[in-house]
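All heavy atoms count here, side chains included; hydrogens, waters and symmetry mates do not. Reminder, nothing fancy here: chain letters follow the sequence lines and each chain counts from 1.
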Protein chains: 2
Amino acid sequence: MLRMRKIAESTVRRLSLYLRFLEEFEEQGMETVSSEALAARGGTTSAQVRKDLSFFGSFGKRGLGYSVGELVLKLRDILGLGRTYRVAMIGAGKIGSALVQYRGFRNRGFDIVSIFDTDQAKVGKGWNGLVVKDLKELETELRRSPVEIAVIVTPGEAAQGVTDRVVALGVKAILNFAPIQLTVPDDVVVKTVNLALELETLSYALTNR
Amino acid sequence: MLRMRKIAESTVRRLSLYLRFLEEFEEQGMETVSSEALAARGGTTSAQVRKDLSFFGSFGKRGLGYSVGELVLKLRDILGLGRTYRVAMIGAGKIGSALVQYRGFRNRGFDIVSIFDTDQAKVGKGWNGLVVKDLKELETELRRSPVEIAVIVTPGEAAQGVTDRVVALGVKAILNFAPIQLTVPDDVVVKTVNLALELETLSYALTNR
DNA sequence: CGTAGCATGTGAAATGTTTCACAAAGATAG
DNA sequence: CTATCTTTGTGAAACATTTCACATGCTACG
């Protein structure tokens, strides 16, 4: 695979979408698909699809389209989904709880291997096959059993603190649900899911019509 | 306020961020703030801040900066946060549950007024001050007590169906947590929060370093 | 085997977004 | 009141992304 720098975030997100659609098509027994068909499913244009893919190679056959199966494999490879990732969940509140039970995590190779919380009422409780550990044990635990990804589901006030701690432990990717802007070193990737932001863009859209 | 068409989504998201920071500053008793200071807090540049604001007017004083209080009001107005929105939650599963209890909703003027589910074990149960209603009652309920926003927290298979139903009932904004791409008329706004997508962009970033 | 048709891959053009850089406005200090 | 300093608001430049359009290669069919 070509590994060019600077692929746009929007491109990566679309690739992830295409992958979802291709898996659908695969289940339906389709063997090939045109950029046009893929675009129609995803609400974009065929040129966009072809351009997105062209950053990574040329996977189609002129006059025919793309092999669904082949393209699924290619996209999994490009997105780095050919392996499993070990994930620590920091925070065992409502959202943490919901996420641990979300099948999408494990299904796609994201393996939650530990859960932490400061609330002594939760510590020690079995939780979907895992035991909630005291946040004090974070260093001990993650040294014994390292993870690649941390999901931060703490209150806003606590988020930067635990972020610093997991970064010190070598975590290079963070999925943040706390409603704050995290500061991390350049080599750490953060994705923030910020409910308030989504609601407010909806509000803006409702207002300006 | 100037209402120009075509403000970039990225601009609106930043405005929402600025608002959060300004509220922080306000609590700390700051009276004015420079674009530089606001940018530093938000990880962007002062030129970006000034450009974002300039789409809507000119709110600052040269040599001094922006009045924190005034800018808060302006941004709330721009984002349409001067009112409350009525929200229906469709789906009372784990994520729905977590969202209903999320204070950020009500705090920011998003009032959850009804919750629906198909699961008879949930229907009729009290739920954070609300009663879960049978999804069959959706039309009756939303006609009696209309909402502006629907939050969709159903399984993927059910999402398009309920979307069509709420759209038919006049809902113009949807926050979608189901892992699928919803199809709606042009005058309806959809924001999708897609966990799988976020995880896969993290995976991509981890792979390509 | 040749021709018609289809769909890719990709430079080039168009469009969109961010950054630069500076004139103008106001603040501050002496 | 003047000189100096700060910070805005904004065109213009730089950069990024999307769309266009078409040559090229492959398929299919007679």
Side-chain angles (χ1 to χ4, degrees), chain A residues 1-2 4-18 21-22 25 30-72 74-75 78 201 204-205 208, chain B residues 1-2 4-18 21-22 25 30-72 74-75 78 201 204-205 208:
Chain A
M1 189 200 333
L2 273 68
M4 310 206 242
R5 272 301 78 97
K6 287 309 317 269
I7 298 297
E9 160 105 9
S10 53
T11 294
V12 177
R13 294 180 77 87
R14 281 191 302 268
L15 291 179
S16 181
L17 271 180
Y18 301 158
F21 301 146
L22 286 163
F25 292 157
M30 287 173 58
E31 307 241 310
T32 61
V33 66
S34 65
S35 57
E36 191 60 47
L38 203 43
R41 181 65 186 76
T44 178
T45 66
S46 61
Q48 180 81 81
V49 171
R50 294 198 301 277
K51 184 63 94 177
D52 286 339
L53 294 174
S54 77
F55 292 128
F56 297 94
S58 64
F59 310 129
K61 275 204 178 50
R62 287 162 197 238
L64 189 59
Y66 301 87
S67 151
V68 173
E70 248 175 60
L71 195 50
V72 162
K74 279 290 179 196
L75 287 179
I78 290 167
T201 57
Y204 175 83
N208 297 271
Chain B
M1 184 196 346
L2 275 70
M4 310 205 244
R5 272 303 78 94
K6 285 312 313 272
I7 299 295
E9 160 106 8
S10 51
T11 293
V12 177
R13 296 180 76 86
R14 281 191 302 267
L15 292 180
S16 182
L17 272 179
Y18 302 156
F21 300 146
L22 287 163
F25 293 156
M30 288 174 57
E31 307 240 312
T32 60
V33 66
S34 66
S35 57
E36 191 60 46
L38 204 42
R41 180 69 186 74
T44 178
T45 67
S46 62
Q48 180 82 79
V49 170
R50 294 198 300 278
K51 184 62 94 178
D52 286 340
L53 294 174
S54 79
F55 292 128
F56 298 93
S58 64
F59 310 127
K61 274 204 176 51
R62 289 165 194 234
L64 190 61
Y66 301 87
S67 150
V68 173
E70 248 176 60
L71 195 50
V72 162
K74 278 291 179 194
L75 287 180
I78 291 168
T201 57
Y204 175 83
N208 297 272

Heavy-atom pair of closest approach, residues [X] and [Y]:
X       : Y       : answer
A:Ala39 : A:Ser46 : CB-N, 3.5 Å
B:Leu22 : B:Val68 : O-CG1, 3.5 Å
B:Phe59 : B:Leu53 : CE1-O, 3.8 Å

Side chains of [X] and [Y]: closer than 4.5 Å at any heavy-atom pair?
X       : Y       : result
B:Val72 : B:Phe25 : no
A:Val12 : A:Glu9  : no
B:Phe56 : B:Leu15 : yes
A:Leu71 : A:Tyr18 : no

Quick one: is [X] getting a side-chain N or O under 4.0 Å of the [N] phosphate, OP1 or OP2?
X       : N      : result
B:Gln48 : C:dT17 : no
B:Arg62 : C:dA24 : no
A:Ser10 : D:dT18 : yes
A:Tyr66 : C:dC6  : no
B:Arg14 : C:dT18 : yes
B:Ser58 : D:dG9  : yes
B:Ser54 : D:dG9  : no

How bent is the helix from C:dC1-D:dG30 to C:dG30-D:dC1, measuring the angle between the end axes built from five pairs each, rounded to 10°?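 The angle, to the nearest 10 degrees, is 10°.
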Could you tell me how far apart [X] ([atom1]) and [N] ([atom2]) are, to the nearest whole angstrom?
X       : N      : atom1 : atom2 : value
B:Leu64 : C:dG26 : CG    : P     : 11 Å
B:Leu15 : C:dT18 : CG    : C1'   : 15 Å
A:Glu36 : C:dT8  : CD    : C1'   : 12 Å
A:Arg13 : D:dT18 : CZ    : C1'   : 17 Å
B:Arg50 : C:dT18 : CZ    : P     : 15 Å
B:Leu53 : C:dT18 : CG    : C1'   : 15 Å
A:Lys6  : D:dA14 : NZ    : C1'   : 13 Å
B:Phe56 : D:dG9  : CZ    : C1'   : 15 Å

A:Gly63 or A:Ala8: which one's nearest nucleotide on DNA chain D is closer to the 5' end?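 Looking at DNA chain D, the more 5' nearest nucleotide goes with A:Ala8.
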Hey, which of these two, A:Val33 or B:Asp52, hits DNA chain C nearer its 5' end, going by closest nucleotide?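 Looking at DNA chain C, the more 5' nearest nucleotide goes with A:Val33.
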For B:Ser35, answer base if it contacts any base atom (sugar-phosphate contacts may also be present), sugar-phosphate if it contacts only those atoms, and nothing otherwise; contact means non-hydrogen atoms under 4.0 Å. sugar-phosphate
Test log, rule side chain to side chain contact (heavy atoms under 4.5 Å, CB included), inputs A:Tyr204 and B:Arg13: CA-CA 10 Å; A:Tyr204 175 83; B:Arg13 296 180 76 86; over 6 Å; no
Against the side chain of B:Lys51, the closest entry in C:dT8, D:dA12, C:dA12 is D:dA12
